[in-house]
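Structure first, then comments.
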Protein chains: 2
Amino acid sequence: MKDHFSLTGVTVAMTPMARFEEYLQSRGKRVTQQRRTILDQVFSHHEHFDADDLLEELASRKLGDRKVSRPTVYRTLGELVDSGLLRKMSLNNRSVYEHDYGYPQHDHLYCEECKQLIEFQSKELSSICETVAKQQRFRAKGHRLIITGVCSNCNKARQRPTHRLEMI
Amino acid sequence: MKDHFSLTGVTVAMTPMARFEEYLQSRGKRVTQQRRTILDQVFSHHEHFDADDLLEELASRKLGDRKVSRPTVYRTLGELVDSGLLRKMSLNNRSVYEHDYGYPQHDHLYCEECKQLIEFQSKELSSICETVAKQQRFRAKGHRLIITGVCSNCNKARQRPTHRLEMI
DNA sequence: ATAGTTGCAAATTCTTTGCAAGCCA
DNA sequence: TGGCTTGCAAAGAATTTGCAACTAT
């Protein structure tokens with residue numbers, strides 16, 4: 001489930017942790033071990049992930065981290081989205097997350113074969129959205145485009161003779 | 001939850017029912033009362049809907065229709081998607097359906113306030129998708145763009161003084 | 001008659017919540 | 001200390017499945 005690292009991050013003034021602390025403090029919330037551990041794990045790599053992925057990653061951290069329970073993961077993911085650090089999307093009726101803070105606006109190609117999400121950027125797309133929103137007097141906050149199909153790797157795999165045999 | 005009827009249907013050779021029967025027969029499946037009732041209800045109006053909406057609509061049909069259970073609704077919705085009559089999308093981790101057969105490709109604006117889906121068409125968008133797919137050697141089967149924000153009606157509502165008071 | 005369908009109940013999957021014990025400011 | 005957090009268990013919400021009874025062909 002490796003992702004394509006085709007996009008370059010944007011420069012940001014604060015680290016995700018600093019930003020999260022600011023968000024928490026501004027709301028009278030507390031900076032706990034669990035929240036720190038989750039944030040650290042979430043920003044340790046750039047793949048898209050869901051709550052289960054994150055829970056597994058946390059479980060395999062052999063560090064002295066305190067254990068993080070499933071409800072806390074869900075609660076914290078919500079806070080990370082609220083604080084603007086993560087973006088959430090709904091894929092096959094499950095929530096999938098990705099970095100938002102320090103990462104440019106982009107959209108996705110979704111391979112129905114290997115379930116991989118591939119990122120791409122398009123400035124034309126953004127202007128289309130603006131135009132459409134203006135026409136409809138709609139106050140747009142954001143957009144999400146997903147192109148579904150089969151990625152180049154899976155296309156190749158399909159054409160290999162071994163696969164024809166397996167299909168019998 | 002009324003929808004905008006801004007798009008005009010495309011001309012099709014068969015009625016949805018005829019097409020569904022063809023699909024069923026080609027797979028050795030049967031044309032049952034329940035499948036007929038569901039198809040009839042689904043194509044009786046053009047709003048987006050989910051399984052619960054459909055179940056409610058079916059329950060309120062005072063006709064001599066046989067009762068349709070929840071599992072049958074789910075099973076049949078799947079078949080309607082397979083047969084190309086409906087399109088399914090994932091919204092807030094639930095499945096939402098809309099007409100596909102006899103209806104042109106389009107995308108949506110989603111109002112986070114009133115939860116309404118507004119349709120729009122954009123040919124530029126389709127060409128962007130083609131270009132992106134070609135660049136990534138991705139075999140695209142389709143796409144889905146959703147612009148989130150607040151629709152014109154809800155924007156107006158927000159500005160009405162009554163609402164300011166209600167917010168206290 | 002025979003194989004596909006249906007409804008019921010129960011199981012699954014993903015996510016949220018109530019609450020007592022624990023921890024941060 | 002006082003209030004926000006956590007983990008546990010349980011509840012919820014959406015969807016799927018096993019199976020015996022039913023029905024289309």
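The sequence lines fix the lettering, A, B, ..., with proteins before strands; numbering per chain opens at 1.
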For [X] and [N], give me the distance from atom [atom1] to atom [atom2], rounded to whole Å.
X	N	atom1	atom2	result
D53(A)	dT13(C)	CG	P	16 Å
R75(A)	dT6(D)	CZ	P	7 Å
L77(A)	dT5(D)	CG	C1'	16 Å
D52(B)	dG12(D)	CG	P	16 Å
R36(B)	dT25(D)	CZ	C1'	12 Å
Y97(B)	dT15(D)	OH	C1'	9 Å
E21(B)	dT25(D)	CD	C1'	13 Å
E79(A)	dT6(D)	CD	C1'	12 Å

Among dC8(D), dT16(D), dC8(C), which nucleotide has an atom closest to any side-chain atom of Y74(B)? dT16(D)

Within the 4.0 Å heavy-atom criterion, would you say N93(B) contacts the bases, only the backbone, or no part of the nucleic acid? sugar-phosphate

Report yes if a side-chain nitrogen or oxygen of T72(B) is closer than 4.0 Å to either non-bridging phosphate oxygen (OP1 or OP2) of dT5(C); otherwise report no. no

Do any side-chain nitrogens or oxygens of K88(B) fall under 4.0 Å of OP1 or OP2 in dT15(D)? no

Residue pair N93(B) / S95(A), side-chain donor-acceptor N/O under 3.5 Å: yes

Examine the side chains of H143(B) and Q105(B) and answer whether a donor and an acceptor come within less than 3.5 Å of each other. yes

Fit a plane to each ring of H46(B) and H99(B), take the angle between them on a 0 to 90° scale, and name the class: parallel (under 30°), tilted (30 to 60°) or perpendicular (over 60°). perpendicular

So how far is it from L91(B) CG to H48(B) NE2, rounded to the nearest 0.5 Å? 9.5 Å

Short of 4.0 Å, heavy atom to strand atom, which residues of residues 22-35 of chain B count as contacting DNA chain D? R30(B), V31(B)

Within the structure provided, determine whether F49(A) and V42(A) are in side-chain contact (heavy-atom separation under 4.5 Å). yes

R139(A) vs E113(B), side chain to side chain contact (heavy atoms under 4.5 Å, CB included): CA-CA, chis, key distance, verdict: CA-CA 11 Å; R139(A) 191 152 55 80; E113(B) 206 84 26; 6.0 Å; no

Distance-only criterion, 3.5 Å: show the donor-acceptor pairs between side-chain atoms of residues 25-32 of chain B and protein atoms not counting sequence neighbours.
unit_1	atom_1	unit_2	atom_2	d
S26(B)	OG	E22(B)	O	3.4
S26(B)	OG	Y23(B)	O	2.8
K29(B)	NZ	E79(B)	OE2	3.1
T32(B)	OG1	R35(B)	N	3.2

